[in-house]
Engineer: 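Provided herewith is a single structure, encoded as C-alpha cells, for subsequent inquiry.
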Protein chains: 2
Amino acid sequence: MRAYGMLSTVPSTTPLSESTLLAALAPAGGRQSAVGDVSDTAVRIMLAAADAFAQRGFHATTTRDIASRAGLSPAGVYVHFTSKEVLLFELSRRGHERARDLLVEAAAAADSPTEALRAIIGGFSRWHAEHYELGRIVQFEFRHLRPEHRDAVLGLRKEIDQVVAGVLRDGVDTGEFAVTDVPATALALLSMAIDVARWYTPDVRRTPAAIEATYGELAFRLVRPGEALAASVLS
Amino acid sequence: MRAYGMLSTVPSTTPLSESTLLAALAPAGGRQSAVGDVSDTAVRIMLAAADAFAQRGFHATTTRDIASRAGLSPAGVYVHFTSKEVLLFELSRRGHERARDLLVEAAAAADSPTEALRAIIGGFSRWHAEHYELGRIVQFEFRHLRPEHRDAVLGLRKEIDQVVAGVLRDGVDTGEFAVTDVPATALALLSMAIDVARWYTPDVRRTPAAIEATYGELAFRLVRPGEALAASVLS
DNA sequence: GTCTATATCCTGATAGAC
DNA sequence: GTCTATCAGGATATAGAC
C-alpha cells in the first residue's frame, strides 16, 4: 500500500463492484466451486446462515432456520459444519479476508495517498452497503465467536487497521494530509464505513455507488490540511 | 438548538460528566427513586439486564441471568416487567431519551454552531464511551424490539438526527461550515460517535474525556470550509 | 450425504403458597 | 412482592437407517 501506482493494472473499482453475497464470500481467484474449496451444499448453508444471522442475529437464529433455508433437514447441516458457531466463524473469517483484500488492493492501485484514501474508505463503505448482510455479521456478531475464533479474526481486523493508518501516514509524509492523531483518525474513518452496515438496507434511498462517492469525499475532508497549514505547505 | 447563548447558564459539560449507568438511566431532574417513578427493585433489574444485554446480547441473555444478577428468583422479575422484551424496551427508551436530552441541552448551551457541533458530537461520543453498556443496547439491540416498540424508539432516533442536522444547517447559514450534503454528513458524524459503543471498553487506553475532545475536533474538521471557500468568506 | 427420530438440556413465562 | 415448583415448548447436537 506504499507503492502507489505500482499495481495500477488492477483497477480499484473492479473488486468493489461485485454485488452478490456469494461474490463477497469468494476469494478473488477462486474457481473450483463457487467459493474456493468447499462443496456447493456448504455454500448454500453459508448463504442461508448469512441471511439469517444478518436478519435476526446469531443467537436468535436456530439451526432449523438455517437448515430449512438451505433445503436440508436439521441434521444435514452438521455434515458440513460441526456447530453453529463454526458456521459463524467461517462467515466471519471469509468476510474479514475479503474486506481486507479490497482495502489492500485499492490502496496499492492508487497513485497518491489522497486517491488511496478515497478508494479505501469509499470502497469499504460501499462494501458495507452492497454486502450489508455479511458486513453486519463481520462487525456486529464478532463477540459471539468462541475465544480462539475471536483471536483468529482479531488478527485480520488489525491488518485492516494498518492499511488505513498506513495511508494516513503516507499522506502526512507527502503533505497531502494534516492529521494530528493517526490512530484516532483511522478509527473514526473505519467507524463511518462500518456503521453503514448498521443503517443500510436495500430500501434506503442512497445507492452503494453514491455512498462510495460521499464517504470517499468525507474521508478526505477529515484529513485535508487547514488554511494555515495549507499555506505553509504551498509556500 | 438555534438560540445560541440563550441557555448558556447551563454548562454543557455537566450532563456529560455523569459516570454511572444509573445516571444514564435517570431523567435529568428525577428525585423520587433513583430512576424516576419506578421502584428500587425495578432499577436493580434494569441495571442487571443492561449489564447482561451489553455483555452477551439480548437473545444470549436468559431471564435467569437477569434475575440472579438482581438477587431475585426467576419469577421475581415478572412482577416488575411483563416480559424480557419489555425490559429491553424500557432500557432502550430511557437510553434514547437521555442521549437526546444531552444533545439538545449541549446544542442550546453553545454560543455558535462551531461550539454546538463540538459539544454535541464530542458529548455524544463521550456518552457512548462512559455508558458503553447502555450505548450498545440503544444502538445494537434495536432490531430485537417488537414492531410497536421499535416504532416508539424510531421517533426518538429521528429527534437525535434532527439536532445534528439543525446544527449543521445553522453553521452553513453563518458561513462557519461548508457542507454539501447535510443529511449524509449528519449521518456520518453520528456514525463516528455511535461506533464508539462498539469498540470502547474500560480497558482501552483512551479516556472518555479524551474521546470527547478528539471527536469534537474531528467533527469540526469534517465541516470546516476548504481554503478557497474560507478565503471568500473572509474577504 | 441425507434422512427420521430422538437425547438432553435450556428457554420464557406462569401457578399458587406465603 | 417474593418465593418454590413447574409447564410447555424449543434449543443444539447426535444416533443410526438408507
Engineer: Could you check how far OH of A/Y78 sits from P of C/dA5, rounded to whole Å?
Structural biologist: 19 Å
Engineer: I'd like to know if the side chain of B/Q139 pairs up with that of B/R157 as donor and acceptor (distance under 3.5 Å, no hydrogens or angles considered).
Structural biologist: yes
Engineer: Of all the nucleotides listed (D/dT4, C/dG12, C/dC3), which has the minimum atom distance to the side chain of A/L72?
Structural biologist: C/dC3
Engineer: At less than 4.0 Å, is any side-chain N or O atom of B/H80 found next to OP1 or OP2 of D/dT2? Yes or no.
Structural biologist: yes
Engineer: Measure CD1/B/I66 against P/C/dG12 and give the value in whole Å, please.
Structural biologist: 8 Å
Engineer: In whole Å, I'd like the distance from the NZ atom of A/K84 to the P atom of D/dG10.
Structural biologist: 15 Å
Engineer: Separation of B/F81 atom CZ from C/dG12 atom P, in whole Å?
Structural biologist: 16 Å
Engineer: Does a side-chain N or O of A/T41 approach OP1 or OP2 of C/dG1 to a distance below 4.0 Å, or not?
Structural biologist: no
Engineer: Expressed as a whole number of angstroms, how long is the span from A/R56:CZ to D/dA11:P?
Structural biologist: 10 Å
Engineer: Closest to the A/A75 side chain: C/dA13, D/dT4, D/dT14?
Structural biologist: D/dT14
Engineer: From the set C/dC3, D/dG1, C/dA13, return the single nucleotide nearest to any side-chain atom of B/V79.
Structural biologist: D/dG1
Engineer: Tell me whether the side-chain N/O atoms of B/T63 come closer than 4.0 Å to OP1 or OP2 in C/dA13.
Structural biologist: no
Engineer: Is a donor on one side and an acceptor on the other found under 3.5 Å between the side chain of B/R150 and the backbone of B/F142?
Structural biologist: no
Engineer: Look only at the side chain of A/R136 and the backbone of A/A197, and say whether a donor-acceptor pair between them is shorter than 3.5 Å.
Structural biologist: yes
Engineer: Rounded to whole Å, please give me the gap between CZ in B/R44 and C1' in D/dG1.
Structural biologist: 11 Å
Engineer: Which of these nucleotides, D/dC3, D/dT14, D/dA11, is closest to any side-chain atom of A/T62?
Structural biologist: D/dA11
Engineer: Would you kindly give the CZ-to-C1' distance between B/F53 and C/dG12, to the nearest whole Å?
Structural biologist: 12 Å
Engineer: Mind telling me whether B/H149 and B/F89 have parallel, tilted or perpendicular rings, with 30° and 60° as the class edges?
Structural biologist: parallel
Engineer: Indicate the ring-plane relationship of B/W127 and B/F124, choosing parallel, tilted or perpendicular according to the 30° and 60° boundaries.
Structural biologist: parallel
Engineer: Starting at the 5' end of DNA chain D, which residue's closest nucleotide do you reach first, A/S83 or B/G71?
Structural biologist: B/G71
Engineer: Identify whether any heavy atom of B/S73 sits under 4.0 Å from a base atom; if not, whether one sits that close to sugar-phosphate; answer base, sugar-phosphate or nothing.
Structural biologist: base
Engineer: Rounded to whole Å, please give me the gap between CZ in B/R64 and P in D/dT4.
Structural biologist: 13 Å
